[in-house]
Each structure stands twice: as C-alpha cells, then as structure tokens.
Amino acid sequence: VQLQASGGGLVQAGGSLRLSCASSGRSLLISDMAWYRQVPGKSRELVASITSAGSANYADSVKARFTISRDNTRPTIALQMNNLYPEDTAVYYCYARRYGDFWGQGTLVTVSS
C-alpha cells in the first residue's frame with residue numbers, strides 16, 4: 001500500500017486547510033485510516049481516524065474544528081481543518097491499516113499567529 005498526502009502549507013491562525021491522502025497499490029481491504037501529526041521532540045499523535053464504515057474519532061484538541069472524511073472507492077481520506085491554531089503546526093502523516101501499518105510521507109502544516 002502506498003499513501004500520498006497533499007495539501008499542507010502556511011496559513012494564518014483562524015484559517016483553514018484541507019489535507020488529502022490517496023492510496024494505491026494493494027489498497028483493497030484497507031480497514032482503518034487516520035491522520036497523525038508530529039512536532040520535533042514529541043511523539044507522533046493521533047489527530048483523527050475513520051473506519052471503513054465511516055465511524056470517525058478525533059483527538060480532544062481538534063474536535064469541532066477538524067473533520068475527517070473517507071471515500072472507499074480508492075480509498076482516500078481527507079482532513080478539513082478549520083479555525084487553525086498555531087499549536088496545530090506539525091508534520092501531518094496519513095496512515096492506513098491493511099494486515100499491517102502503512103504511512104504516507106508527511107505534509108507540513110504551519111499556522112502563523
């Protein structure tokens with residue numbers, strides 16, 4: 001399974017960004033997909049996850065601001081991030097589970113104050 005993330009960039013606090021992650025390769029039978037983020041010196045943390053049935057879960061810090069969505073055609077996932085805070089600045093990684101763990105290359109999100 002290969003995962004290609006896109007959509008990161010620089011935005012001012014209060015702004016919005018949309019991340020996308022497309023899967024390819026042996027992408028059938030992917031179960032859970034998710035977005036994680038990591039800042040230097042800290043562990044990678046779960047931002048949001050979504051099952052193949054569309055059940056979503058969010059970190060408390062992003063609830064009501066971020067929305068994860070999924071298209072099972074490929075499958076692909078997206079993360080709509082609204083009302084961004086400077087503390088949302090991180091490298092965001094796409095994740096998929098298919099008889100193992102697969103990671104995308106990461107996309108940098110920078111939120112300026």
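Note: hydrogens, waters and symmetry copies are ignored here, and every other heavy atom, side chains too, is used. The structure displayed is predicted, hence computed values, not measured ones.
- With hydrophobic clusters built from ILVMFWY side chains whose heavy atoms lie under 4.5 angstrom apart, Met81 shares a cluster with Val62.
- Checking side-chain atoms of Asn72 against main-chain N and O of Ser52 turns up a donor-acceptor pair under 3.5 Å.
- Looking at Thr51, its side chain does come within 3.5 Å of a backbone N or O of Ala53 through a donor-acceptor pair.
- When side chains are defined from C-beta on, Gln4 does not count as touching Ser24, because their heavy atoms never get closer than 4.5 Å.
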| request: Carefully, step by step, assess Cys94 and Ile77 under the rule side-chain contact (heavy atoms from CB on, under 4.5 Å). | output: CA-CA 8 Å; Cys94 177; Ile77 58 171; 4.0 Å; yes
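- For the pair Arg65 (side chain) and Asn83 (backbone), a donor-acceptor distance under 3.5 Å is present.
- For the atom pair Leu108 CG and Thr89 OG1, the distance stands at 8.0 Å (nearest 0.5 Å).
- Leu17 is not connected to Tyr93 by any chain of hydrophobic side-chain contacts under 4.5 Å among Ile, Leu, Val, Met, Phe, Trp and Tyr, and they are in different clusters.
- Distance alone, capped at 3.5 Å, places no donor-acceptor pair between the Glu45 side chain and the Gln38 backbone.
- Minimum interatomic distance between Ala34 and Ile68 (heavy atoms only, all atoms of both residues): CA-CD1, 4.4 Å.
- Residues Tyr85 and Ser61 form no side-chain contact, since every pair of their non-hydrogen atoms from C-beta on lies 4.5 Å or further apart.
- Residues Arg70 and Pro75 are in side-chain contact: their nearest non-hydrogen atoms beyond the backbone lie under 4.5 Å apart.
- Side-chain atoms of Val1 and Ile30, non-hydrogen and from C-beta on, do get closer than 4.5 Å to each other.
- Residues Val39 and Ala90 come closest through the heavy atom pair CG1-CB, 3.6 Å.
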| field | Val91 and Val109: CA distance, side-chain angles, deciding distance, side-chain contact (heavy atoms from CB on, under 4.5 Å) verdict | value | CA-CA 6 Å; Val91 177; Val109 171; over 6 Å; no
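- Looking at Thr76 and Ser20, their side chains never come closer than 4.5 Å, going by heavy atoms from C-beta outward.
- Taken together through direct or relayed side-chain contacts under 4.5 Å among Ile, Leu, Val, Met, Phe, Trp and Tyr, Val47 and Tyr58 form part of one hydrophobic cluster.
- Under a 3.5 Å cut-off, the side chain of Thr107 and the backbone N or O of Gly8 do form a donor-acceptor pair.
- Once rounded to the nearest 0.5 Å, the distance linking CZ of Phe66 with CG of Asn82 reads 8.5 Å.
- To the nearest 0.5 Å, atom CG of residue Leu79 and atom CD1 of residue Ile50 are 10.5 Å apart.
- For the 3.5 Å distance criterion, the side chains of Arg37 and Tyr92 qualify, holding a donor opposite an acceptor.
- Side-chain atoms of Ser6 and Arg18, non-hydrogen and from C-beta on, never get closer than 4.5 Å to each other.
- Atom OG of residue Ser23 and atom CE of residue Met33 lie 5.0 Å apart, to the nearest 0.5 angstrom.
- To the nearest 0.5 Å, atom OH of residue Tyr36 and atom OG of residue Ser43 are 12.0 Å apart.
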Distance-only donor-acceptor hits, side chain of residues 96-103, under 3.5 Å, sequence neighbours excluded:
from	atom 1	to	atom 2	distance (Å)
Arg97	NE	Tyr95	OH	3.0
Arg97	NH1	Asp32	OD2	3.4
Arg97	NH2	Tyr95	OH	3.4
Arg98	NE	Arg26	O	3.0
Arg98	NE	Leu28	O	2.6
Asp101	OD1	Tyr95	OH	2.5

